[in-house]
Number of protein chains: 2
Amino acid sequence: MARRTKQEADETREALLDAAEQVFLERGVARASLDEIARAAGCTRGAVHWHFRDKLGLFLALDERLVLLQDELRERLCCDPNRPPLEHMAYAISAAMDDLERDPRRKRLLTIMLQRCEYVEEMAPALERRRAADLAFRTTLREHFERAELRGELAPNWKPERAAFFFYALISGFLNEWLRGNAGFELAAEVGPAVCTFLACVAQQPAS
Amino acid sequence: MARRTKQEADETREALLDAAEQVFLERGVARASLDEIARAAGCTRGAVHWHFRDKLGLFLALDERLVLLQDELRERLCCDPNRPPLEHMAYAISAAMDDLERDPRRKRLLTIMLQRCEYVEEMAPALERRRAADLAFRTTLREHFERAELRGELAPNWKPERAAFFFYALISGFLNEWLRGNAGFELAAEVGPAVCTFLACVAQQPAS
DNA sequence: TTATATACATACAGGAAGGTATCTTTACAA
DNA sequence: TTGTAAAGATACCTTCCTGTATGTATATAA
């Protein structure tokens, strides 16, 4: 068919992205064929090439759909500058994990990006996006630990720089293991308490 | 050519694996062609099909070459049952990281397995291997934390189960970030001290 | 010495998939 | 009413790559 209304065209586009998500997840990006994706979306390859130039374009468009955890956490952490930083972080993490667990589409996207695609040169835009998000997130974390230090809420053997990096790796690790699914745990139920315990031990111990 | 000596055949096999390692890393597993790999090894596809049935066989053989970090750490941790567990762990981690950093081949292999291949069904054997190693490693970690608890060397707010899982995710996170290269850090120099600081804070605080 | 299995090389046939180019239909503007 | 461009459908072509089949030379056992 042809020239539908603008809205119908957008629906087609979304349907294609949904289909790509599903097919990429099942078959991997490289082995997924555009024809398969188009058919799953109820149209033909013509529509794919119209909306997204080529396969790479489709992949990158799908990548844009993914709200990165780093960005979400940064968002949650930015406001409220006079709240106890460590407590604030613990809460933000718990909330973000909870969020993630409730959003199966985001989990599927993360799985695709982590285990169903090969990062060669042409994928650089997706990697670059992550890189930038990582950098910004680590900066935010460091600022929070610095504020904690200024407020005397950071144990003396932890320096902000190291604490931030440590924390960052920790989140990354939990997320990876959750996605890989080997450990078989629930994100919010495990990570929240673990992070709290950790932050409690990073916090300055009250004299007892 | 034909029927060379057994040793020469083995050399060919190794050359093919080396070539596969290089080509997989550069082009990703899916986009690498067997012909390209064979040529890089100085032979033809005939040799590939002889030594490793097909592409999947080649990939899995390459996977076997990788000594998993989990297994290495388990090895380092198994002996010496009356050494202080936490200290032992800190040392083992540092040594393993050092080891890894000195072995560029292992890093290349890890990179391939993490960022240059798509885990669809047929890759299951490789995933299963990791799963088993993960499980065993986490068990070992838990045992160590349990011993630490028995010796009164574990802070009361940390339970062995949680500490082990936490520690496991932490290692996984550091390794991933190192491989991804976004953080731009050196493994041994960063991880060792960070892990020590952490273990110090997990350890029972001496009364002060 | 001969036979045979080994260790490849080469040739062949085939499919699958992607890009492009060319229709076709329809919303919408003039 | 008609022209035009958006939104897809179809057709075609070309490129790659894989598996298999077969050829062949040689190490080695008998």
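To find a chain, count down the sequence lines: A is the first, B the second, and so on, and within it residues start at 1.
In this structure, the CZ atom of Arg31(A) is 9 Å from the P atom of dA17(C), given to the nearest Å. Between the P atom of dT28(D) and the NZ atom of Lys6(B) lies a distance of 11 Å, rounded to the nearest Å. What separates CD of Glu122(B) from P of dT18(D) is a distance of 12 Å, to the nearest Å. For the pair Arg39(B) CZ and dC17(D) C1', the computed distance is 13 Å after rounding to whole Å. The distance from atom CG of Asp35(A) to atom C1' of dC12(D) is 15 Å, rounded to the nearest whole Å. When rounded to the nearest whole Å, the span between CD of Gln7(B) and P of dC8(C) equals 12 Å. Here dG8(D) presents its P atom at 16 Å from CD1 of Ile37(A), a figure rounded to the nearest Å. Straight-line distance from the CD atom of Glu11(B) to the P atom of dA27(D): 14 Å, rounded to whole Å.
Residues satisfying the salt bridge (charged side-chain N to carboxylate O under 4.0 Å, His left out) criterion with Asp98(A), sequence neighbours excluded, are Arg102(A). In this structure Asp134(B) satisfies the salt bridge (charged side-chain N to carboxylate O under 4.0 Å, His left out) test with no other residue, sequence neighbours excluded. For His88(B), the ring pair (Phe, Tyr, Trp, His ring centres under 6.0 Å) partners at least two apart in sequence or on another chain are His144(B).
In this structure, Arg108(B) is not positioned above the aromatic face of Phe24(B) in the sense of NZ or CZ being under 6.0 Å from the six-membered ring centre and within 45° of the axis. The cationic atom of Arg74(B) (NZ for Lys, CZ for Arg) does not lie both less than 6.0 Å from the six-membered ring centre of Phe137(B) and within 45° of the ring axis.
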In sequence, state the C-alpha distance, the side-chain angles, and the governing distance for Met97(B) and Ile93(B), and then conclude on side chain to side chain contact (heavy atoms under 4.5 Å, CB included). CA-CA 6 Å; Met97(B) 294 296 159; Ile93(B) 295 285; 4.1 Å; yes

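You'll find that the side chain of Leu34(A) is closest to dG18(C), out of dA7(D), dA9(D), dG18(C).
Residue contacts for Ala32(A): at a heavy-atom cut-off of 4.0 Å it reaches the sugar-phosphate backbone alone, with no base atom in range.
For Arg106(A) against Leu66(A), the heavy-atom pair with the smallest separation is CG-CD1, 3.8 Å. Gly57(A) and Phe52(A) make their closest contact through C-CB, 4.0 Å (heavy atoms, listed as atom of the first residue, atom of the second, distance).
The stretch residues 47-59 of chain B touches DNA chain C through Ala47(B), Trp50(B), His51(B), each having a heavy atom under 4.0 angstrom from the strand. Interface residues of residues 17-29 of chain B facing DNA chain C, ordered by number: none; criterion, heavy-atom separation under 4.0 Å.
In this structure, Tyr119(B) contributes its side chain and Met113(B) its backbone to a donor-acceptor pair below 3.5 Å.
The side chain of Thr12(A) places an N or O atom within less than 4.0 Å of a non-bridging phosphate oxygen (OP1 or OP2) of dG8(D).
Between Phe167(A) and Phe198(A), the ring planes are parallel. Angles under 30° get that label, and only those over 60° would be called perpendicular.
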Can you check nucleotides 10-12 of chain C for protein contacts, nitrogen or oxygen pairs under 3.5 Å, and list what you find?
none

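Using a 4.0 Å cut-off between charged nitrogen and carboxylate oxygen, Glu118(B) and Arg31(A) do not count as a salt-bridge pair.
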